[in-house]
Chemist: 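I have a structure here, written as structure tokens, and I will follow up with some questions on it.
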Amino acid sequence: MSLNTFKGGVHPIEGKDLSKDKPVKELLPGKELAFPLSQHIGAPARAIVAAGDTVLRGQMIAEAGGFVSAPIYASVSGKVKGIEPRLGAAGAVGDAIIIENDEQYQEVDFTECDEVDYLSKEEIIDKIRTAGVVGMGGAGFPTAVKMSPKNPDEIDTIIANCAECEPFLTSDYRQMMDHPEELVEGMRIILQIFGKARGFFGVENNKPDCIAKLEELVKDEPRMSVIPLKTKYPQGGERQIIYACTGRAINSKMLPADAGCIVDNVATICAIYKAVRFGIPVIDRIFTVSGDAVTEPQNFHIHIGTYMDEILAAAGGTNQEVAKYISGGPMMGFAMYDTHVASTKTTSALLAMTAETCVSYEASACINCGRCVEACPENLIPCRLADYNDRGQKELFEQWHGLECIECGSCSFVCPARRHTAQSVRLMKKQVMADKRAAAAKAKAAAAR
């Protein structure tokens with residue numbers, strides 16, 4: 001079996017055996033849920049409910065705050081307690097709509113569509129926009145915007161990102177194993193938008209059962225095929241999976257659409273199917289609880305807005321001292337100091353790790369071994385970029401293509417000196433981007449005068 005891949009990358013411990021074979025459990029939330037108004041890239045949603053309002057499951061509670069934004073829906077029925085500041089998974093505090101769950105789960109009447117094949121491109125995109133579908137792999141980019149590129153006729157490739165290359169995460173795997181038909185039907189809907197495109201399911205070869213299921217489902221689909229990918233991190237990175245599937249390279253100044261591609265992950269494509277076929281907005285998702293400190297690692301079907309500590313408790317809590325809680329995967333996720341944080345459209349996992357897994361080392365001087373260069377999927381020199389951060393040399397950082405960093409963490413993972421290379425590059429990248437935004441704002445203000 002031929003395996004497509006990219007140059008660079010690393011091979012961290014997979015950790016998927018902890019939860020991948022556990023059946024997905026339905027999890028009902030507690031008495032209170034929180035719905036942050038920023039669950040996507042772009043302008044925060046605007047609340048359209050107030051304290052005291054009664055809402056139904058599937059009812060819009062916040063409308064899109066701009067073109068690059070997405071509405072938010074209640075995942076339970078109950079009463080709005082108010083709009084309050086709440087802690088997010090990344091550590092920031094933002095406004096959230098708080099709903100008291102009446103535990104009745106009364107729903108609005110969803111509008112089904114029995115004849116999806118007769119919908120126009122515009123009607124499909126409108127249904128996706130109305131349902132609040134965003135990139136559910138973590139990026140949170142509004143999917144309706146992604147499905148509306150400047151030159152839609154130039155899109156010839158739709159990629160279903162089925163790699164799930166982050167260690168320990170198995171929510172996409174369970175979705176592909178339990179309901180692969182939803183993924184295929186979601187791809188069919190996207191291909192209806194882009195009539196000249198073909199659909200590819202890029203699956204890492206550590207999921208042979210998923211590959212077999214999808215190949216069986218698409219064997220009679222002339223516009224769909226499965227591409228086995230080499231198991232390697234970050235195979236699921238947008239640039240990396242585009243290169244692995246098509247041989248086309250993009251950089252930070254390009255969008256996938258500039259290379260004729262649209263990329264969506266498994267959860268997003270399944271959400272598209274539910275939105276278009278059944279009129280169901282994004283109100284639930286599959287969520288992984290894993291890590292060597294978790295009593296019973298598994299996957300749950302959760303109501304968005306459920307607090308993560310409740311989901312952890314449903315997995316039996318922890319049976320060892322926890323050294324680190326992580327929202328998302330260990331390579332690109334966020335370390336958390338509090339698990340009383342609401343799940344959102346983009347949160348796919350909570351990991352609880354012991355000190356044995358999260359080994360801590362003191363950083364030492366760079367030994368110029370070049371391992372970070374070999375591992376970097378963007379062909380950068382991470383050790384040099386980290387030095388530029390330490391010295392505050394922004395111009396040199398940009399000249400040596402620091403803005404091309406995808407922040408995957410591969411450089412830190414392989415560093416024998418245990419330097420925090422990825423963190424240093426990420427920090428300098430943020431500073432350079434902030435300077436650029438400030439300069440652009442200043443130029444705009446000067447032009448207005």
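Values reported hereafter were calculated over all heavy atoms of this structure, with side chains retained and with hydrogens, waters and symmetry mates removed.
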Chemist: Output yes when Glu185 and Arg188 qualify as a salt bridge under the 4.0 Å nitrogen-oxygen rule, no when they do not.
Modeler: yes
Chemist: I'd like to know if the side chain of Arg248 and the backbone of Ala259 have a donor-acceptor N/O pair within less than 3.5 Å.
Modeler: yes
Chemist: Does Lys324 have more than 12 heavy atoms from other residues, nucleotides or ligands lying within 6.0 Å of its NZ?
Modeler: no
Chemist: Side chains of Thr5 and Gln235: is there a donor and an acceptor less than 3.5 Å apart?
Modeler: yes
Chemist: Please round to the nearest 0.5 Å and tell me the distance separating atom CZ of Arg174 and atom NZ of Lys25.
Modeler: 13.0 Å
Chemist: Could you tell me whether Arg239 and Glu404 have a side-chain N and a carboxylate O separated by less than 4.0 Å?
Modeler: yes
Chemist: Indicate yes or no for a side-chain donor-acceptor contact from Asn4 to the backbone of Leu229 under 3.5 Å, with no hydrogens or angles considered.
Modeler: no
Chemist: So, Arg223 and Glu221, do they make that salt bridge, N to O below 4.0 Å?
Modeler: no
Chemist: Grab the two heavy atoms, one from Ala197 and one from Leu191, that are nearest each other, plus how far apart they are.
Modeler: O-CD2, 3.7 Å
Chemist: Ile283 vs His303, test: side-chain contact (heavy atoms from CB on, under 4.5 Å). Steps then yes/no.
Modeler: CA-CA 6 Å; Ile283 52 179; His303 294 62; over 6 Å; no
Chemist: Would Gln192 and Lys121 count as a side-chain contact (heavy atoms from CB on, under 4.5 Å) here? Give the steps.
Modeler: CA-CA 7 Å; Gln192 198 170 323; Lys121 300 175 185 179; over 6 Å; no
Chemist: Is the NZ or CZ atom of Lys207 both under 6.0 Å from the centre of the six-membered ring of Tyr173 and within 45° of that ring's axis?
Modeler: no
Chemist: Check whether any side-chain N or O of Glu166 sits under 3.5 Å from a backbone N or O of Met332 as a donor-acceptor pair, and report yes or no.
Modeler: yes
Chemist: Quick check against the 3.5 Å criterion: does Lys232 have a side-chain atom that pairs as donor or acceptor with the backbone of Phe6?
Modeler: yes
Chemist: Are the side chain of Thr354 and the backbone of Asp292 linked by a donor-acceptor contact shorter than 3.5 Å?
Modeler: no
Chemist: Assess whether atom CZ of Phe413 is packed by more than 12 heavy atoms of other residues, nucleotides or ligands within 6.0 Å.
Modeler: yes
Chemist: Give every donor-acceptor pair under 3.5 Å between a side-chain atom in residues 261-273 and any protein atom, sequence neighbours left out.
Modeler:
from	atom 1	to	atom 2	distance (Å)
Asp264	OD1	Lys146	NZ	3.4
Asn265	OD1	Thr268	N	3.1
Asn265	OD1	Thr268	OG1	2.6
Thr268	OG1	Val134	O	3.4
Thr268	OG1	Met136	N	2.8

Chemist: Please determine, by modelled atom types, if Ser19 and Thr170 share a side-chain donor-acceptor pair under 3.5 angstrom.
Modeler: yes
Chemist: Give a yes or no on whether the backbone of Pro228 and the side-chain of Asn205 come within a donor-acceptor separation of less than 3.5 Å.
Modeler: no
Chemist: Would you say the side-chain atoms of Thr347 pair up with the backbone N or O of Ser343, donor to acceptor, closer than 3.5 Å?
Modeler: no
Chemist: What's the spacing between Tyr388 OH and Leu396 CG if we round to 0.5 Å?
Modeler: 4.5 Å
Chemist: Can you see which heavy atom on Ala315 is nearest to which on Thr295, and at what distance?
Modeler: O-CB, 3.8 Å
Chemist: Please identify each residue that fulfils salt bridge (Lys or Arg N to Asp or Glu O under 4.0 Å) with Asp338, with sequence neighbours left out.
Modeler: none
Chemist: Tell me whether Gln39 contacts the main-chain N or O of Thr344 through its side chain, where contact means a donor paired with an acceptor under 3.5 Å.
Modeler: no
Chemist: Under the criterion side-chain hydrogen bond (donor to acceptor under 3.5 Å, both in side chains), which of His301, Glu182, Arg285 is the partner of Gln175?
Modeler: Glu182
Chemist: Under a 3.5 Å distance rule, please check whether Ser75 uses its side chain to pair with a backbone N or O of Ile304 as donor and acceptor.
Modeler: yes
Chemist: Once rounded to the nearest 0.5 Å, what's the spacing between atom CG of Leu217 and atom CE of Met224?
Modeler: 9.5 Å
Chemist: So that I can tick it off, tell me whether Glu204 and Lys16 are bridged by a salt bridge, with the cut-off set at under 4.0 angstrom between side-chain N and carboxylate O.
Modeler: no
Chemist: Judged by atom type as modelled, is there a donor-acceptor pair below 3.5 Å linking the side chain of Thr421 to the main-chain atoms of Pro382?
Modeler: no
Chemist: So, are Lys22 and Glu296 salt-bridged, with charged N and O less than 4.0 Å apart?
Modeler: no
Chemist: Run the salt-bridge test on Glu378 and Lys429 with the 4.0 Å N-O cut-off and return the result as yes or no.
Modeler: no
Chemist: Between Ser69 and His40, does any side-chain donor sit less than 3.5 Å from a side-chain acceptor?
Modeler: yes
